[in-house]
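Let me begin by presenting the structure, written as structure tokens, before commenting on it.
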Amino acid sequence: VQLQASGGGLVQAGGSLRLSCVASGRPFTSYAMGWFRQAPGKEREFVARISASGNIRNYADSVKGRFAISRDNAKNTVYLQMNSLESEDTAVYYCAEGTNYYDLATKPDYWGQGTQVTVSS
């Protein structure tokens, strides 16, 4: 399985970014997808997840109302739309794939490489 994340960059506080993650190696439509992040000096934390069908979504409290996860099963791609960005959102963002939607927040099966998001205040 390969998960290729992209879309990170430098943005001013209040701005927006959209991250993308293209998956390959096993049937995309069978697996839940998620996003995590790791800020300097901190542990990796859960950000958002979406079920295989796309019907169920869940967010960390810190991003609820600002971030939106979605997926395009025809393109094997999961997205993270990030709005109203804050300096506290600065981190390396990772996509992840899991067999079980409910376990994904703690036990993903696969990780992608990270993409850096830097929010300047």
Side-chain angles (χ1 to χ4, degrees):
V1 173
Q2 288 192 331
L3 303 173
Q4 184 71 37
S6 62
L10 174 64
V11 63
Q12 288 189 331
S16 299
L17 279 175
R18 188 177 80 155
L19 306 183
S20 301
C21 175
V22 180
S24 62
R26 63 182 188 176
F28 184 72
T29 55
S30 297
Y31 299 97
M33 299 295 296
W35 289 95
F36 295 73
R37 67 185 182 186
Q38 187 168 19
K42 295 186 176 181
E43 294 187 352
R44 192 176 303 189
E45 64 175 1
F46 165 76
V47 174
R49 60 184 168 181
I50 187 168
S51 63
S53 66
N55 291 339
I56 307 173
R57 298 172 175 84
N58 176 245
Y59 299 93
D61 288 343
S62 58
V63 306
K64 203 171 291 184
R66 299 187 298 121
F67 290 12
I69 189 170
S70 62
R71 64 190 294 157
D72 185 338
N73 285 346
K75 296 182 178 180
N76 287 6
T77 302
V78 62
Y79 304 98
L80 185 68
Q81 178 67 44
M82 306 185 294
N83 299 325
S84 302
L85 283 161
E86 305 167 352
S87 57
E88 292 77 14
D89 296 318
T90 294
V92 178
Y93 283 71
Y94 300 87
C95 61
E97 183 179 279
T99 304
N100 186 289
Y101 169 80
Y102 296 101
D103 290 340
L104 182 61
T106 55
K107 295 185 297 182
D109 296 339
Y110 295 98
W111 294 98
Q113 97 294 354
T115 185
Q116 176 71 47
V117 172
T118 303
V119 183
S120 63
S121 56

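Everything numeric in this text was worked out from a predicted model, so none of it was measured.
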Considering residues, nucleotides and ligands other than Gln116, do more than 12 of their heavy atoms fall under 6.0 Å from its CD?
yes

Between Thr77 and Asp72, does a side-chain hydrogen bond (donor to acceptor under 3.5 Å, both in side chains) hold up when you go through it step by step?
CA-CA 5 Å; Thr77 302; Asp72 185 338; over 6 Å; no

Indicate yes or no for a side-chain donor-acceptor contact from Arg37 to the backbone of Val92 under 3.5 Å, with no hydrogens or angles considered.
no

Indicate yes or no for a side-chain donor-acceptor contact from Gln113 to the backbone of Ala5 under 3.5 Å, with no hydrogens or angles considered.
yes

For Ser87 and Ser121 the tightest heavy-atom approach is CB-CB, 4.4 Å

Taking only Lys NZ, Arg NE, NH1 and NH2, and the carboxylate oxygens of Asp or Glu, determine whether Asp103 and Arg49 approach each other closer than 4.0 Å.
no

If I take atom OG from residue Ser53 and atom OH from residue Tyr101, how far apart are they, to the nearest 0.5 angstrom?
9.5 Å

Would you call Tyr31 and Leu104 a side-chain contact if the rule is heavy atoms closer than 4.5 Å?
no

Using side-chain heavy atoms (C-beta onward) and a distance below 4.5 Å, is Tyr94 in contact with Arg44?
yes

Donor-acceptor check, side chain of Thr115 to backbone of Ser6, threshold 3.5 angstrom: yes or no?
no

d(Glu97 CD, Cys95 SG) to nearest 0.5 Å is 9.0 Å

Does Lys64, at its NZ atom, have more than 12 non-hydrogen atoms belonging to other residues, nucleotides or ligands within less than 6.0 Å?
yes

Quick one: name the residues clustered hydrophobically with Tyr79, using the 4.5 Å side-chain heavy-atom rule over I, L, V, M, F, W, Y, and just say none if it's on its own.
none

Among Ile, Leu, Val, Met, Phe, Trp and Tyr joined by side-chain contacts under 4.5 Å, find the other residues sharing a cluster with Val47 and list them by chain and number.
Val1, Leu3, Val11, Leu17, Leu19, Phe28, Met33, Trp35, Ile50, Tyr59, Val63, Phe67, Ile69, Val78, Leu80, Met82, Leu85, Tyr93, Tyr110, Val117, Val119

Closest non-hydrogen atom pair between Ser16 and Gln81, with its separation
CB-NE2, 3.9 Å

Please confirm whether the backbone N or O of Thr118 pairs with a side-chain atom of Thr90, one donor and one acceptor, at under 3.5 Å?
no

I'd like to check Arg66 versus Asp89 (side-chain heavy atoms, cut-off strictly below 4.5 Å). Are they in contact?
yes

Check the pair Thr29, Asn73 against side-chain hydrogen bond (donor to acceptor under 3.5 Å, both in side chains), reporting the backbone distance first and the verdict last.
CA-CA 6 Å; Thr29 55; Asn73 285 346; 5.7 Å; no

